[in-house]
S.K.: 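Please find one structure pasted underneath; my questions will follow.
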Amino acid sequence: MSESQLWDDVDDYFTTHLAPEDEALRAAVRDSEAADLPHAAVTAPQGKLLQLLARIQGARTILELGTLGGYSTIWLARALPADGRLVSLEYSPKHAEVACRNIARAGLDKIVEVRVGAALDSLPQLADENPPPFDLVFIDADKGNNPHYVEWALKLTSAGSLIVVDNVVRNGRVADPDNPAPDVQGTRTAIELIGGHPRLSATAIQTVGSKGYDGFALARVLE
């Protein structure tokens, strides 16, 4: 058995016993694949982790950067109370269309708003609305802009908020300072920004699974 097959089998085992998908989640995966969206959504165990983090936070408001087909959005939104709010920013109109259908089918369209456009355009517009601080920010968009997304997350949160940055390991490439790829350099800059920021306390976790070798960073806003 190959190493990747072993990772898949373990993910399947954890999904079956700890993070079973219902029909809305399975349909979101099917529709995303049918629309030929990138195979980049979180796995079921990762989605369940996001949901648990949101519930531990007691989150009432969530900001997501990178909707894709809405799979992670569904996991996160299900942690919110009936009067909660999740704003998800998606660059691609095609992805947003698929996501909105998936979110509506899951019965979450009353608390989820998908905004279409470049996040670095949408974020200032969102800030101008002066929303209450977001309790959790999930960053899973283009990795080259991760430093900017972290800076915006700090502007839109307050003490006690949680910032989660996905895909920070980049198959181990994040450890190579000479790798010129924008996703690597963007991630490295974000990690170093988080690590040196006086308002943040953070760590990063390496993961393996159906999506290969990667990981995420967790940062708590201190003040």
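Side chains are part of it too, since the values below use all heavy atoms of this structure and drop only hydrogens, waters and symmetry mates.
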S.K.: Between Lys155 and Glu151, does any side-chain N to carboxylate O distance fall below 4.0 Å?
M.R.: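 Looking at Glu151 together with Lys155, the answer is no, because their closest N to O distance does not fall below 4.0 Å.
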S.K.: Under 3.5 Å, is there a donor on one side chain and an acceptor on the other for Asp9 and Gln5?
M.R.: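 Judged by distance alone, the side chains do pair up.
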S.K.: Shared ILVMFWY cluster between Leu6 and Phe14, side chains joined below 4.5 angstrom?
M.R.: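 Looking at the clustering, Phe14 is in the same group as Leu6.
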S.K.: Please check: side-chain N/O of Arg220 versus main-chain N/O of Ser161, any donor-acceptor pairing under 3.5 Å?
M.R.: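 The answer is no, because no donor-acceptor pair under 3.5 Å joins these two groups.
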S.K.: Is there a donor-acceptor pair under 3.5 Å between the side chain of Gln51 and the backbone N or O of Trp75?
M.R.: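 Pair found, side chain donor or acceptor close to backbone of Trp75.
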S.K.: If you apply the rule side-chain contact (heavy atoms from CB on, under 4.5 Å), what do you find for Val150 with Ile139, and how did you get there?
M.R.: CA-CA 8 Å; Val150 171; Ile139 299 173; 4.1 Å; yes
S.K.: Shared ILVMFWY cluster between Phe138 and Leu49, side chains joined below 4.5 angstrom?
M.R.: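 Yes, it is one cluster - the side chains of Phe138 and Leu49 are joined through contacts under 4.5 Å.
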S.K.: Any chance you could lay out the side-chain contact (heavy atoms from CB on, under 4.5 Å) test for Leu156 and Leu63, step after step, and finish with the verdict?
M.R.: CA-CA 9 Å; Leu156 292 165; Leu63 174 62; 3.9 Å; yes
S.K.: Does a salt bridge link Arg30 with Glu23, judged by any charged N lying under 4.0 Å from a carboxylate O?
M.R.: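 Yes, charged N to carboxylate O under 4.0 Å.
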S.K.: Could you walk me through whether Arg188 and Glu192 pass the salt bridge (charged side-chain N to carboxylate O under 4.0 Å, His left out) test, one step at a time?
M.R.: CA-CA 6 Å; Arg188 285 179 59 88; Glu192 290 160 23; 3.6 Å; yes
S.K.: Keeping Gln206 on the side-chain end and Gly172 on the backbone end, is there a donor-acceptor pair under 3.5 Å?
M.R.: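 No; zero donor-acceptor contacts below 3.5 Å.
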S.K.: Do Glu33 and Arg26 pass the salt bridge (charged side-chain N to carboxylate O under 4.0 Å, His left out) test, and can you show the C-alpha distance, the side-chain angles, and the key distance before you say yes or no?
M.R.: CA-CA 11 Å; Glu33 291 176 347; Arg26 290 191 294 269; over 6 Å; no
S.K.: Determine whether Leu25 and Arg78 satisfy the following criterion, side-chain contact (heavy atoms from CB on, under 4.5 Å), listing intermediate values before the conclusion.
M.R.: CA-CA 11 Å; Leu25 287 165; Arg78 285 176 168 175; 3.6 Å; yes
S.K.: Can any side-chain N or O of Arg60 pair as donor or acceptor with the backbone N or O of Gly84 at less than 3.5 Å?
M.R.: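 Such a contact is absent between Arg60 side chain and Gly84 backbone.
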S.K.: Within this structure, what is the CG-CG distance for the pair Leu50 and Leu136, rounded to the nearest 0.5 Å?
M.R.: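 CG of Leu136 is found 7.5 Å from CG of Leu50.
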S.K.: Can you measure from CG (Asp121) to CG (Leu126) and round to the nearest 0.5 angstrom?
M.R.: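 These two atoms lie 12.5 Å from each other.
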S.K.: Which heavy atom in Val112 sits nearest to a heavy atom in Ala77, and how many Å separate them?
M.R.: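 Scanning both residues completely, I find the closest heavy atoms to be CG2-CB, 3.6 Å.
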S.K.: Over all heavy atoms of both residues, which pair between Thr73 and Ser88 is shortest? Give the atoms and the distance, please.
M.R.: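 For Thr73 and Ser88, the tightest heavy-atom pair comes out as OG1-OG, 4.1 Å.
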S.K.: Check for a donor-acceptor pair, side chain of Arg173 on one end and backbone N or O of Val184 on the other, with a separation under 3.5 Å.
M.R.: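 Answer holds: no.
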S.K.: Should the pair Asp135-Arg85 be classified as a salt bridge under the 4.0 Å nitrogen-to-oxygen rule?
M.R.: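 Arg85 and Asp135: not salt-bridged.
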S.K.: Is a donor on one side and an acceptor on the other found under 3.5 Å between the side chain of Asp176 and the backbone of Asp178?
M.R.: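 Checked: pair present.
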S.K.: Please work out which of the three classes, parallel, tilted or perpendicular, describes the rings of Tyr13 and His17, given edges at 30° and 60°.
M.R.: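 Tilted, since the angle between the ring planes falls between 30° and 60°.
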S.K.: Does the side chain of Leu76 reach to within under 4.5 Å of the side chain of Ile74, using non-hydrogen atoms?
M.R.: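 No, too far: nothing below the 4.5 Å cut-off.
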S.K.: For the hydrophobic clusters of this structure (ILVMFWY residues joined by side-chain heavy atoms under 4.5 Å, transitively), does one cluster hold both Leu120 and Tyr91?
M.R.: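 Cluster IDs for Leu120 and Tyr91 differ.
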S.K.: Which pairs with one or both residues in residues 147-200 pass ring-ring contact (aromatic ring centres under 6.0 Å, His included), sequence neighbours excluded?
M.R.: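 Pairs touching residues 147-200 that pass the test: none.
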S.K.: Mind listing the closest non-hydrogen atom pair of Ala219 and Ile194 along with its distance?
M.R.: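 Taking Ala219 first and Ile194 second, the nearest heavy atoms are CB-CG2, 4.0 Å.
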S.K.: Check for a donor-acceptor pair, side chain of Asp214 on one end and backbone N or O of Asn171 on the other, with a separation under 3.5 Å.
M.R.: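 Looks like no, no N/O pair under 3.5 Å.
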S.K.: Taking side chain as C-beta onward, heavy atoms only, is Leu86 less than 4.5 Å from Glu113?
M.R.: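 Of all side-chain heavy-atom pairs linking Glu113 with Leu86, none is under 4.5 Å.
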S.K.: Measure the CH2-OG1 distance between Trp7 and Thr207 for me, rounded to the nearest 0.5 Å.
M.R.: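 Between atom CH2 of Trp7 and atom OG1 of Thr207 there are 9.0 Å.
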S.K.: Determine the minimum heavy-atom distance between Leu68 and Ala40, stating which atoms define it.
M.R.: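 What the structure gives for the nearest pair is CD2-C, 3.9 Å.
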S.K.: Got more than 12 heavy atoms from elsewhere within 6.0 Å of CZ, Phe216?
M.R.: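 Yes, the 6.0 Å shell around CZ holds more than 12 heavy atoms from other groups.
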S.K.: Have Tyr71 and Gln46 got a donor and an acceptor in their side chains that come within less than 3.5 Å?
M.R.: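 No.
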S.K.: Looking only at non-hydrogen atoms, find the nearest pair between Thr67 and Glu90 and report the distance.
M.R.: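 Closest approach of Thr67 to Glu90, heavy atoms only: N-OE1, 3.0 Å.
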S.K.: Between Gln185 and Asn179, is there a donor-acceptor pair closer than 3.5 Å when you use the side chain of the first and the backbone of the second?
M.R.: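 The answer is yes, because a donor-acceptor pair under 3.5 Å joins these two groups.
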S.K.: How close do Val42 and Ser72 get, counting heavy atoms only, and between which atoms?
M.R.: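 That closest heavy-atom pairing would be CG2-CB, 3.9 Å.
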S.K.: Judged by atom type as modelled, is there a donor-acceptor pair below 3.5 Å linking the side chain of Asn146 to the main-chain atoms of Gly186?
M.R.: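 No, the answer is negative, given that no donor and acceptor are paired below the 3.5 Å cut-off.
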S.K.: Tell me whether Lys110 at atom NZ has more than 12 heavy atoms from other residues, nucleotides or ligands lying less than 6.0 Å away.
M.R.: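 For Lys110, atom NZ is not crowded (no more than 12 foreign heavy atoms under 6.0 Å).
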S.K.: Is the side chain of Thr157 donor-acceptor paired with the backbone N or O of Val221 at a distance under 3.5 Å, no angle test?
M.R.: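 Side chain of Thr157 to backbone of Val221, a donor-acceptor pair under 3.5 Å: no, none is there.
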S.K.: Sort out for me which residue in Asn167, Asp166, Asp183 forms a side-chain hydrogen bond (donor to acceptor under 3.5 Å, both in side chains) with Lys143.
M.R.: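 Option passing the side-chain hydrogen bond (donor to acceptor under 3.5 Å, both in side chains) with Lys143: Asn167.
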S.K.: Drop me the distance from Leu52's CG to Leu18's CG, to the nearest 0.5 angstrom.
M.R.: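 Separation between the atoms: 9.5 Å.
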S.K.: Is there a side-chain contact between Ile103 and Val114 in this structure, where contact means two heavy atoms from C-beta onward sitting under 4.5 Å apart?
M.R.: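 Yes, side chains in contact.
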S.K.: Sequence neighbours excluded, which residues qualify as ring pair (Phe, Tyr, Trp, His ring centres under 6.0 Å) partners of Tyr213?
M.R.: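 Partners of Tyr213 under the ring pair (Phe, Tyr, Trp, His ring centres under 6.0 Å) test: none.
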S.K.: Side-chain heavy atoms under 4.5 angstrom apart, residues restricted to Ile, Leu, Val, Met, Phe, Trp, Tyr: same cluster for Leu200 and Leu193?
M.R.: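 Leu200 and Leu193: one cluster.
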S.K.: Are any of the side-chain heavy atoms of Leu53 and Leu218 separated by less than 4.5 Å?
M.R.: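 The answer is yes; the side chains approach within 4.5 Å.
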S.K.: Consider only side-chain heavy atoms of I, L, V, M, F, W and Y, link residues closer than 4.5 Å, and tell whether Ile163 and Leu222 are in one cluster.
M.R.: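 Hydrophobic grouping puts Ile163 apart from Leu222.
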S.K.: Give, for atom CG of Leu65 and atom OG of Ser122, the distance between the pair rounded to the nearest 0.5 Å.
M.R.: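 Here the interatomic distance stands at 9.0 Å.
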S.K.: Rounded to the nearest 0.5 Å, what separation is found between the CZ atom of Arg105 and the SG atom of Cys100?
M.R.: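 If we round to the nearest 0.5 Å, Arg105:CZ and Cys100:SG are 12.0 Å apart.
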S.K.: What I'd like to find out is whether the side chain of Ser92 reaches to under 4.5 Å of the side chain of Glu97, using heavy atoms alone.
M.R.: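 Side-chain contact under 4.5 Å: no.
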S.K.: Walk me through it: do Leu89 and Leu123 pass the test side-chain contact (heavy atoms from CB on, under 4.5 Å)?
M.R.: CA-CA 8 Å; Leu89 309 182; Leu123 286 163; 3.7 Å; yes
